[in-house]
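Worth saying up front: this structure is predicted, and the values here are computed from it rather than measured.
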Amino acid sequence: MHESHPYVKDGLLAHLLRPKRISFIVNPKAGTNLQKHIRESVDRHLNHKKFEYDFRFTEHSGHARELAEQALEEGYEIIVAVGGDGSINEVASALMHTEAVLGIVPAGSGNGLAMHLGYGRDIDEAVKMINTATVKAIDCGLMNGRPFINLAGIGFDGLVSNMMKGSNWRGFIPYFLNSVKAGLQYTPRMCRIEIDSQVITEKCFIISIANGPMWGYNFQIAPDARLDDGLFEVVLLKEAPKWQYFAAVPATLNGKIYEADFVEHFRARRVKIITEGESYIHLDGEGMMLEGELDFEIMSKALNVLVPEQE
Ligand SMILES: [Mg+2]
């Protein structure tokens with residue numbers, strides 16, 4: 001009776017029992033350098049009966065998306081982004097609207113999405129989590145057709161991301177220093193914001209279009225944001241004396257930013273923003289400057305993500 005049933009050998013069961021194929025897409029320049037140990041960690045901690053795997057290393061910006069597309073074409077079922085929110089953004093862009101599942105091994109500086117999903121900051125723990133993780137469908141955002149998974153921001157946080165661009169110094173300290181600098185430098189700009197059918201005209205320090213709640217490092221700009229409710233959480237930090245923004249920083253760590261007088265928040269499916277001149281923007285931490293109308297649209301449950309079992 002040790003011979004396997006022919007159906008097990010070639011048929012449906014064989015298909016179901018066959019190990020799933022994972023491709024790890026590694027950003028060797030990600031914030032923490034922890035990803036240097038990814039091979040060793042996967043060899044040691046991944047369940048080799050359940051999974052077959054390979055590694056692909058990115059060489060330039062945009063490469064993670066290309067590598068993820070290749071892996072998809074080759075039939076990989078799980079594509080794991082080893083990096084920060086930027087790497088996750090690229091891999092997710094390739095995986096949206098497919099059956100494939102995004103995995104995350106956080107190795108960036110902030111790791112806003114990974115932290116919210118319950119991944120820690122430990123590479124070995126994240127790899128072990130893959131063995132028992134479950135799959136969850138989450139929403140994705142589009143800004144003028146460009147996808148984002150966690151957060152889009154216009155204003156102060158967009159300026160911080162633009163300051164971080166091209167800098168090789170990553171981690172909390174440079175983010176902190178640039179945030180202070182940007183906080184002193186950035187002046188609230190007049191914006192016309194259409195939130196579904198509501199129109200708001202306001203001077204804003206930050207407009208956050210949130211799918212997930214967290215910038216990273218446990219700073220929550222949109223504590224009520226849910227990844228799977230088919231809606232954006234739109235958070236406005238309106239004009240206020242500068243010291244009030246600085247004084248509100250602890251509130252962002254406690255999930256209490258909505259209690260500040262200068263904060264308003266909304267839920268919406270569609271958001272349109274018109275500002276005069278160029279805006280500082282970030283999509284999942286990637287800084288850019290754009291002029292003209294910004295059009296945000298949510299794609300409900302467009303992406304499958306591996307989440308830790310307890311979620
Ligand atoms: Mg939502």
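In this model, no donor atom of one side chain and acceptor atom of the other lie less than 3.5 Å apart for Asn47 and Asn131.
Rounding to the nearest 0.5 Å places CG of Asn304 at 9.5 Å from CG of Leu102. Atom OG1 in Thr201 sits 7.5 Å away from atom CE in Met190 (nearest 0.5 Å). Here the CG-CG distance, from Leu151 to Asp157, works out to 7.5 Å after rounding to the nearest 0.5 Å. Annotation: the span from Ile38 atom CD1 to Phe57 atom CZ amounts to 8.5 Å, rounded to 0.5 Å. Atoms NZ and CG, from Lys181 and Leu159 in turn, are 9.0 Å apart once rounded to the nearest 0.5 Å. In this structure, the separation between CE on Met129 and OG1 on Thr134 is 11.5 Å, given to the nearest 0.5 Å.
In this structure the side chain of Tyr119 never reaches within 4.5 angstrom of the side chain of Val105, judged on heavy atoms. A heavy-atom distance below 4.5 Å is found between the side chains of Cys191 and Ile207. Leu236 has its side chain within reach of Ile193: a pair of non-hydrogen atoms, C-beta onward, lies under 4.5 Å apart. Residues Met143 and Ile281 are in side-chain contact: their nearest non-hydrogen atoms beyond the backbone lie under 4.5 Å apart. With a 4.5 Å cut-off on side-chain heavy atoms, Asn27 and Val82 do not count as touching. Residues Ile195 and Ile200 form a side-chain contact, since some pair of their non-hydrogen atoms from C-beta on lies under 4.5 Å apart. Side-chain contact check for Leu306 versus Val135: some heavy-atom pair is nearer than 4.5 Å. Side-chain atoms of Val271 and Glu194, non-hydrogen and from C-beta on, never get closer than 4.5 Å to each other.
Between the side chain of Asn162 and the backbone N or O of Met288, at least one donor-acceptor pair lies under 3.5 Å. Using a distance-only test at 3.5 Å, with no hydrogens or angles considered, a donor-acceptor pair links the side chain of His48 to the main chain of Asp43. In this structure, Ser41 contributes its side chain and His37 its backbone to no donor-acceptor pair below 3.5 Å. Lys165 places a side-chain N or O within 3.5 Å of a backbone atom of Gly287 that can act as its donor or acceptor partner. Judged purely by atom type and a 3.5 angstrom limit, Asn144 has no side-chain atom pairing as donor or acceptor with the backbone of Phe296. For Asn218 (side chain) and Leu253 (main-chain N/O), no donor-acceptor pair under 3.5 Å exists by modelled atom type. The closest donor-acceptor contact from the side chain of Thr98 to the backbone of Leu95 lies under 3.5 Å. With hydrogens and angles ignored, the 3.5 Å screen pairs no side-chain donor or acceptor of Asp284 with any backbone N or O of Ala152. Under a 3.5 Å cut-off, the side chain of Asn111 and the backbone N or O of Asp85 do not form any donor-acceptor pair. Remark: the backbone N or O of Arg65 is paired with a side-chain donor or acceptor of Glu90 at under 3.5 angstrom.
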inquiry  = The test is side chain to side chain contact (heavy atoms under 4.5 Å, CB included); show your working for Leu237 and Ile221 and say whether it passes.
reply    = CA-CA 10 Å; Leu237 270 63; Ile221 180 66; 3.8 Å; yes
request  = Using the side chain to side chain contact (heavy atoms under 4.5 Å, CB included) rule, take Thr58 and Val26 through it: C-alpha gap first, then chi angles, then the decisive distance, then the call.
outcome  = CA-CA 6 Å; Thr58 64; Val26 187; over 6 Å; no
request  = For Lys272 and Glu293, run salt bridge (charged side-chain N to carboxylate O under 4.0 Å, His left out): C-alpha distance rounded to whole Å, both residues' side-chain angles, the deciding distance at 0.1 Å, then the answer.
outcome  = CA-CA 7 Å; Lys272 197 185 273 190; Glu293 191 176 297; 3.5 Å; yes
task = Determine, step by step, whether Glu264 and Phe266 satisfy the side chain to side chain contact (heavy atoms under 4.5 Å, CB included) criterion, reporting the C-alpha distance in whole Å, the side-chain angles of both residues, the deciding distance to 0.1 Å, and the verdict.
result = CA-CA 7 Å; Glu264 269 195 80; Phe266 308 85; 3.3 Å; yes
request  = Verify side chain to side chain contact (heavy atoms under 4.5 Å, CB included) between Ile154 and Leu294, making sure each step is shown before the conclusion.
outcome  = CA-CA 10 Å; Ile154 295 117; Leu294 303 172; 3.9 Å; yes
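Counting non-hydrogen atoms of other residues, nucleotides and ligands closer than 6.0 Å to CZ of Phe176 gives a total of 12 or fewer. Few gaps surround NZ on Lys238; more than 12 heavy atoms of other groups in view lie less than 6.0 Å from it. By the neighbour-count criterion of 12 heavy atoms within 6.0 Å, atom OH of Tyr280 is sparsely surrounded, having that number or fewer from other residues, nucleotides or ligands. For Lys203, the NZ atom counts as loosely surrounded, since its 6.0 Å shell holds 12 or fewer non-hydrogen atoms of other residues, nucleotides or ligands. For Arg267, the CZ atom sits in a packed shell: over 12 heavy atoms of surrounding residues, nucleotides or ligands are nearer than 6.0 Å. Counting heavy-atom neighbours within 6.0 Å of Lys242 NZ, excluding the residue itself, gives a total above 12.
Placement of Val80 and Ile149 within a single hydrophobic cluster is found when ILVMFWY residues are connected by side-chain heavy-atom separations under 4.5 Å, directly or transitively. Connection of Trp215 to Tyr217 is established within a shared hydrophobic cluster, with ILVMFWY side chains joined at heavy-atom distances below 4.5 Å, either directly or through further cluster members. Note on Val307 and Met214: separate hydrophobic clusters, where clusters join Ile, Leu, Val, Met, Phe, Trp and Tyr whose side-chain heavy atoms are under 4.5 Å apart, directly or indirectly. The hydrophobic clustering, which links ILVMFWY residues whose side-chain heavy atoms are closer than 4.5 Å, places Tyr186 and Val235 together. Note on Ile104 and Leu283: separate hydrophobic clusters, where clusters join Ile, Leu, Val, Met, Phe, Trp and Tyr whose side-chain heavy atoms are under 4.5 Å apart, directly or indirectly.
Nearest heavy-atom pair, Asp54 versus Tyr76, reported as atom, atom and distance to 0.1 Å: OD2-OH, 2.8 Å. When all heavy atoms are compared, the tightest approach of Cys140 to Leu303 is SG-CB, 3.6 Å. In this structure, Asp196 and Ala268 approach most closely via the heavy-atom pair OD2-CA, 3.4 Å. Of all heavy-atom pairs between Ala248 and Ile257, the closest is CB-CD1, 4.0 Å. Contact detail for Ser93 and Pro147: the closest heavy-atom pair is OG-CG, 3.3 Å. Scanning all heavy atoms of the two residues, the minimum distance from His116 to Pro213 falls at ND1-CG, 3.4 Å.
Between His60 and His63, the ring planes are parallel. Angles under 30° get that label, and only those over 60° would be called perpendicular.
Ion pairing between Glu259 and Lys256 fails under the 4.0 Å rule for side-chain N and carboxylate O. We find that Asp295 and Arg270 are joined by a salt bridge, their nearest charged nitrogen and carboxylate oxygen being less than 4.0 Å apart. In summary, Arg56 and Glu74 engage in a salt bridge, as defined by a charged side-chain N under 4.0 Å from a carboxylate O. A salt bridge does not link Arg189 to Glu202: none of the charged nitrogens lies less than 4.0 Å from a carboxylate oxygen.
Only one option out of Phe205, Trp243, Tyr245 pairs with Phe262 in a ring-ring contact (aromatic ring centres under 6.0 Å, His included); it is Tyr245.
The aromatic ring centroids of Phe51 and Phe24 lie 6.0 Å or more from each other.
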